[in-house]
2 protein chains.
Amino acid sequence: MIEPRGSRRQRNAPTISDVAARAGVSPMTVSRVINGEGSVRPSTRERVEEAIAALRYAPSAAARMLAGGEELRIGVLHTSTSLFYFSEFLVGCLDQGSRQNCQILVEQCAEGAESAAIGHLLHGRIDGLLLPPPLGDAEKVMAELRERDIPVVAVSTGRAPDWALSVSIDDRKAAYEMTRHLAALGHVRIGFISGAANQSASRERLDGYRGALTDVGLEQDPALIADGTFSYRSGLDAAERLLDLDAAPTAIFASNDDMAAATVAVAHRRGLDVPGDLTVCGFDDSALATTVWPELTTIRQPVGDMARTAVDLLLREIRQRRAGNAGQDQPHVVVDYQLVRRQSDAVPRRRPRS
Amino acid sequence: MIEPRGSRRQRNAPTISDVAARAGVSPMTVSRVINGEGSVRPSTRERVEEAIAALRYAPSAAARMLAGGEELRIGVLHTSTSLFYFSEFLVGCLDQGSRQNCQILVEQCAEGAESAAIGHLLHGRIDGLLLPPPLGDAEKVMAELRERDIPVVAVSTGRAPDWALSVSIDDRKAAYEMTRHLAALGHVRIGFISGAANQSASRERLDGYRGALTDVGLEQDPALIADGTFSYRSGLDAAERLLDLDAAPTAIFASNDDMAAATVAVAHRRGLDVPGDLTVCGFDDSALATTVWPELTTIRQPVGDMARTAVDLLLREIRQRRAGNAGQDQPHVVVDYQLVRRQSDAVPRRRPRS
DNA sequence: GTGAAAGCGCTAACAG
DNA sequence: CTGTTAGCGCTTTCAC
């Protein structure tokens, strides 16, 4: 004689069966309604929806995954750099992840320890990987990933390899537009601080700057280009160099906000007013851009949206691979940037540095 | 005659049964090994672990949740402020969340729109809520949460209400220690920039500063205390005020890194060397502290660890409530801070501001 | 258009 | 210390 054991349910949340009972249909029908399948009579659907609302029913993600046989997990690998960028990125990933019912595993890695981190992530049964900068440009990392044949999307990388997916803005065009904006303001000597040499976006931005100068008919003075590495510290040095010039620029366009903020600091230290005596523009629109004073005119990368897009792209790829289909139609998506004007740019003084 | 249907498995990942078969035990034993239960003979455990390694087995989170009857979801509500802090916080939450097999829902909210955000979060079947600053001090938010009787942990709040849980450092003691450090260096006139009046941590830090001055036998000059709001902008103004004083301080202790960075900027603008002419210290050790130059001597809040602790605390509370038990033994946990010395503090000049 | 049965991978409860 | 059984909440497959 076997006594039926009691339910093991611990949560008091309503289940699909509760809804079914209340609506007077089978659980299967409820499932169909939830998933928006067409083959349900409108009147039935309505009854089910009423029941759902009344019970405040929400489907269990765990059960769906299990039953649906689709347990998606994607990894995010990042180095400690650019925390500003990363936070926005992460929020976007999570948001889209929960919407798409997929788990996000975050792995921080030190420089040089990427391989171990990748191993650790893969060990956690990752189905795909998201690479915020600067990892998408790290050749060793990319090579290893390619070897392992795992779907990867490189984000904010100027030039992603063909075999990988990518989401980015048009860095070249954005820098081009900013430079033209500066020229339109009346600036003739426009300084540029470049980014880290090992990131392809740096090159794109420099190209954009150069292209605009050419198109606008402004002189290309190599002295007006100072090398930076994207760090605040490097921005300090680069700005000093630029402002030490005999014919110093009246505007400086830095390849990111950190270096632009550093440029503002240097200008202030020299008693120059920003933007009165010197226009300073950045790139990225990170938290720093609105932290410093004056707030920076910069190029906004919609990092949160890019993250969401990256998640979607990756998920689609994973599903396609599972289904045995070929790759994506559009593996490289380019999203729109925005030039946002704040308080750090202005028309140049009539007699610069009088 | 019913033909048994084939397996519906879609993933090729190994399951607990695969491991069990390979190790020659039952799935239950494997489960015990995975969950670190003691009651398994060492030799058996070893065989199982070998099989796990060989198959590269990783348990399915979905199945565990479902079977364990525990589907935990916790929310993180945040405003747009202090992105620096938030990103570290979030990474900590996620990390612990995946370790504890619980989902994290992040909800951003504008000021004044907290109520809607809470509603949205609760609608997503949240079992508990994490509140990074400054939300833990927002009375309206806390009142609403209390009303709804949902487990809450306030993080980095100086003084959390009794009914809530909290994780924080001892802000008062940290500020006390920093101030004493400055005094020990030989500074006599130590300026202080306070934080936002509506955050309890601000008060704690001010108290710590005052207490140290008293204990060390230094004069309490109200003019040396400038009000700030934690923003960079407010730090700019406060620093100007402090340095305009006839008897200006030789050291300024700002209640957070943003304002300390602003102080450095003001000092530089006035031609003062940091730390040569002016010592500047911050609080938090956010990304900003190591972004600016010189890098800031500051109080390190282990935000990532605090987030992990907060997740654990919340989960424990949720489980206790479900089990119908009383609250936690230790609802308010205080974690250790650290005074980290970098390049922004030094012994005062013999003849200050000569 | 709707329902019944079976099973996703795991663990709680109970038995040995 | 280890195994058996049943069931978590949902969806797939097949039958009507």
Side-chain angles (χ1 to χ4, degrees), chain A residues 1-21 23-48 52 55 57-73 101 103 125, chain B residues 1-21 23-48 52 55 57-73 101 125 319 322-323:
Chain A
M1 202 72 155
I2 297 170
E3 278 287 322
R5 253 178 260 151
S7 162
R8 267 170 49 208
R9 290 189 62 200
Q10 302 189 11
R11 290 180 61 89
N12 42 1
T15 75
I16 200 170
S17 306
D18 298 331
V19 177
V25 298
S26 79
M28 207 39 239
T29 302
V30 177
S31 171
R32 291 194 174 103
V33 171
I34 298 170
N35 295 298
E37 277 171 46
S39 57
V40 177
R41 191 182 310 155
S43 65
T44 313
R45 171 184 304 274
E46 206 167 304
R47 284 219 316 288
V48 171
I52 289 178
L55 262 26
Y57 166 78
S60 150
R64 296 180 88 166
M65 272 187 183
L66 195 54
E70 197 184 45
E71 187 168 10
L72 258 17
R73 218 178 296 191
N101 213 333
Q103 226 181 115
R125 281 251 229 73
Chain B
M1 203 71 156
I2 296 169
E3 278 288 320
R5 253 177 259 149
S7 162
R8 267 172 48 209
R9 291 189 61 200
Q10 302 188 10
R11 289 180 60 87
N12 43 0
T15 74
I16 201 169
S17 306
D18 299 331
V19 176
V25 297
S26 79
M28 204 46 229
T29 302
V30 177
S31 170
R32 292 192 174 103
V33 170
I34 298 170
N35 294 297
E37 279 172 44
S39 57
V40 178
R41 193 185 309 156
S43 65
T44 311
R45 170 184 305 274
E46 207 167 304
R47 284 218 316 288
V48 171
I52 289 177
L55 262 26
Y57 166 78
S60 150
R64 295 178 89 169
M65 271 187 183
L66 197 53
E70 198 183 46
E71 186 167 11
L72 258 17
R73 218 179 295 192
N101 213 332
R125 280 251 231 76
R319 290 186 180 123
R322 282 196 187 161

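Reminder, nothing fancy here: chain letters follow the sequence lines and each chain counts from 1. No hydrogens, no waters, no symmetry mates; every other heavy atom, side chains included, goes into these values.
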Counting side-chain heavy atoms from C-beta on, which of [options] comes nearest to [X]?
X     : options               : value
B/M28 : C/dT11, D/dT2, D/dC10 : C/dT11
A/S60 : D/dC10, C/dT11, C/dG3 : D/dC10
A/T15 : D/dT2, D/dC10, C/dC10 : D/dC10
A/R32 : D/dT2, C/dC10, C/dT2  : C/dT2

Interatomic distance, [X] [atom1] vs [N] [atom2] [rounded to whole Å]:
X     : N     : atom1 : atom2 : answer
A/L66 : D/dG9 : CG    : P     : 12 Å
A/R73 : C/dG9 : CZ    : C1'   : 12 Å
A/I34 : D/dG9 : CD1   : C1'   : 10 Å
B/E46 : D/dC1 : CD    : C1'   : 16 Å
B/D18 : C/dC8 : CG    : P     : 11 Å
A/R47 : C/dG1 : CZ    : C1'   : 13 Å
A/I16 : D/dG7 : CD1   : P     : 19 Å

| message | Let's test your reading of the model: under 3.5 Å, does the base of C/dG1 pair with the side chain of A/R45 as donor and acceptor? | response |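 By the distance-only test, no, there is no pair.
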
| query | Who passes side chain to side chain donor-acceptor pair (under 3.5 Å) against B/T44, sequence neighbours left out? | reply |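 For B/T44 there are no side chain to side chain donor-acceptor pair (under 3.5 Å) partners, ignoring immediate neighbours.
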
Counting just side-chain N and O atoms, does [X] come under 4.0 Å of either OP1 or OP2 of [N]?
X     : N      : result
B/R64 : C/dT11 : yes
A/T29 : C/dG3  : yes
A/T44 : C/dT2  : yes
A/S31 : D/dT11 : yes

| message | By the 4.0 Å heavy-atom rule, please label B/S39 as base, sugar-phosphate, or nothing. | response |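 If one applies the 4.0 Å heavy-atom cut-off, B/S39 turns out to touch a base.
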
| Rounded to the nearest 0.5 Å, how far apart are CE of B/M28 and CD1 of B/I16? |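 B/M28 atom CE to B/I16 atom CD1 measures 7.5 Å (nearest 0.5 Å).
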
| query | Can you tell me how far the CD1 atom of A/I34 sits from the OG1 atom of A/T29, to the nearest 0.5 Å? | reply |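 That separation rounds to 11.0 Å.
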
| If each of B/A63 and B/V25 is mapped to the nucleotide of DNA chain D with the nearest heavy atom, which maps nearer the 5' terminus, i.e. the 5' end? |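 It is B/V25, whose closest nucleotide lies nearer the 5' terminus.
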
| query | What residues form a side chain to side chain contact (heavy atoms under 4.5 Å, CB included) with B/R47, not counting sequence neighbours? | reply |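 B/R47 satisfies side chain to side chain contact (heavy atoms under 4.5 Å, CB included) with B/V25 once adjacent residues are dropped.
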
Can you name the nearest heavy-atom pair linking [X] to [Y], along with the distance?
X     : Y     : value
A/P14 : A/L55 : CG-O, 3.5 Å
B/A20 : B/S26 : CB-C, 3.7 Å
B/R73 : A/P59 : NH2-O, 4.4 Å
A/I52 : A/V19 : CG1-CG1, 3.7 Å

| If an axis is fit to five pairs at each end of the helix from C/dG1-D/dC16 to C/dG16-D/dC1, what is the angle between the two, to the nearest 10°? |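 About 30° separates the two local helix axes.
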
